[in-house]
Amino acid sequence: MSVVDNYKKIKVDVDKCSMKAGHKVELLAVSKNQSVLKMDELANSNVSLFGESKVQEALPKINYLSNKYNNLEFHFIGKIQTNKLKKIVEFFHLIHSVDREDVLSLIDKYALDLNKKQHILIQLNIACEKQKNGIAVSELENILNTASHYKNIVVKGLMFMPPYEEDVTKNIKYFETANKLFCQYKSDVFDTLSMGMSHDFKEAIEHGSTLVRVGTYIFGERV
Ligand SMILES: *Cc1c(COP(=O)(O)O)cnc(C)c1O
């Protein structure tokens, strides 16, 4: 099957789950480690949301595709390095992975320079995994409070990535916590819960996700 066929199949599943859950869900095609040609095929079939996790890898792809299509949005889902932040703010519509207070002032500054409002999500580390990005639940209120003081930052919601589990049902409790926190702050602006990947997007949507990040099931194994 082509990437476009894969995408369409996942999209049907996402839409079904979305109907059942009773809320809108967007599908982000996670194109990290995938060729720009496959992205081009998708963009040519009207897919407009792409997720990337490395700045150096993403920039040439974004350049190429943005010259060809004017409806694309790129989301940054990787670990944030401060020396790459300027480029991230310049080229990405939404940053999913904000998990430290000290990057907020930089994001605000770069966004101001570009005269843009940078949309961000705060990444949660609910299961307290040492190796994973994300803030502890106890720090959420603080970082949201700090972010609210920056004029060029708009916090659109939360991002969560659970521990890897073969058996997805083991992570339901974390999805529930993420959704509860999301609902606590939800508003017309704070409207995005980024949660769910190839193997668990159905469960994530059932538990409140409004944006799923799917790589492998669309593109195949990363090369
Ligand atoms: C790679 C990645 C994904 C996509 O994972 P798949 O299992 O390939 O769907 C989603 N979110 C983040 C943050 C990622 O790094």
Side-chain angles (χ1 to χ4, degrees), residues 1-15 17-18 25-36 38-39 42 47-59 61-62 73-81 84-85 88 91-100 103 119-135 156-171 174-175 178-179 182 192-223:
M1 290 224 295
S2 73
V3 278
V4 173
D5 292 334
N6 290 341
Y7 180 91
K8 282 184 180 155
K9 186 166 162 286
I10 301 290
K11 182 79 171 99
V12 167
D13 284 348
V14 167
D15 286 346
C17 296
S18 157
V25 181
E26 290 184 295
L27 173 56
L28 179 72
V30 174
S31 46
K32 66 179 189 208
N33 296 17
Q34 302 291 352
S35 74
V36 71
K38 286 183 178 177
M39 296 168 76
L42 288 172
V47 174
S48 59
L49 289 183
F50 293 94
E52 288 282 340
S53 58
K54 294 212 177 75
V55 177
Q56 285 113 307
E57 179 197 332
L59 292 191
K61 297 197 233 174
I62 294 175
E73 267 185 25
F74 295 91
H75 291 194
F76 188 76
I77 61 173
K79 192 174 171 59
I80 295 176
Q81 294 171 277
K84 306 277 163 60
L85 203 47
I88 295 174
F91 290 98
F92 289 89
H93 185 83
L94 178 66
I95 307 173
H96 287 227
S97 44
V98 174
D99 66 351
R100 314 198 302 273
V103 298
H119 289 189
I120 68 167
L121 304 177
I122 305 297
Q123 182 172 356
L124 293 168
N125 185 346
I126 300 175
C128 303
E129 294 171 277
K130 283 241 161 53
Q131 75 283 12
K132 206 165 268 172
N133 304 335
I135 60 156
K156 292 293 291 175
L158 303 174
M159 188 271 236
F160 173 59
M161 200 172 170
Y164 182 77
E165 285 285 358
E166 203 68 46
D167 175 4
V168 175
T169 59
K170 289 191 179 143
N171 281 331
Y174 297 128
F175 287 158
N179 191 33
F182 172 59
T192 304
L193 178 58
S194 165
M195 181 166 88
M197 311 179 10
S198 289
H199 73 295
D200 61 4
F201 71 87
K202 290 179 185 165
E203 290 79 6
I205 294 170
E206 194 184 325
H207 292 90
S209 169
T210 71
L211 175 55
V212 292
R213 310 177 307 266
V214 178
T216 312
Y217 281 13
I218 295 173
F219 291 95
E221 292 298 328
R222 280 180 280 279
V223 286

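Start at 1 and go down the list; that is how both ligands and their atoms are numbered. For the numbers below, each heavy atom of this structure counts, side chains included, while hydrogens, waters and symmetry mates do not.
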| Ligand-residue contact atoms, ligand 1 with Val214, heavy atoms, under 4.0 Å | 9 (O)

| Polar side-chain atom of Lys38 near backbone of Phe219 as donor-acceptor pair, under 3.5 Å | yes

| said: Heavy-atom pairs closer than 4.0 Å: do any link ligand 1 to the side chain of His96, the backbone, both, or neither? | reply: neither

| field | atom 1 (C) of ligand 1: nearest protein contact (heavy atom, Å) | value | Lys32 NZ, 1.5 Å

| message | Return the closest protein heavy atom for atom 5 (O) of ligand 1 as residue, atom name and distance. | response | Met197 CE, 3.4 Å

| Donor-acceptor contact present, side-chain Lys61 to main-chain Ser31, <3.5 Å | yes

| task | Fit a plane to each ring of Phe201 and Tyr217, take the angle between them on a 0 to 90° scale, and name the class: parallel (under 30°), tilted (30 to 60°) or perpendicular (over 60°). | result | perpendicular

| query | At their closest point, which heavy atom of Ser198 faces which heavy atom of Thr216, and how far apart are they? | reply | OG-N, 3.4 Å

| query | Where does the angle between the aromatic ring planes of His119 and His93 fall among parallel (under 30°), tilted (30 to 60°) and perpendicular (over 60°)? | reply | perpendicular

| said: Which residues pass the ring pair (Phe, Tyr, Trp, His ring centres under 6.0 Å) test with Phe92, not counting sequence neighbours? | reply: Phe76

| note | Counting heavy atoms under 4.0 Å, the part of Ser53 that contacts ligand 1 is neither

| task | Identify, for atom 9 (O) of ligand 1, the protein heavy atom at the shortest distance, and state residue, atom and that distance. | result | Ser198 OG, 2.5 Å

| Check: Ile77 N/O within less than 3.5 Å of ligand 1 N/O | no

| query | Between CD of Gln123 and CG of Asn133, what distance do you get to the nearest 0.5 Å? | reply | 5.0 Å

| request: Starting from atom 11 (N) of ligand 1, locate the nearest protein heavy atom and write down its residue, its atom name and how far away it is, to 0.1 Å. | output: Arg213 NE, 2.8 Å

| Purely on distance, is any nitrogen or oxygen of His199 under 3.5 Å from one on ligand 1? | no

| task | Report yes if some N/O of Thr216 lies less than 3.5 Å from some N/O of ligand 1; otherwise report no. | result | yes

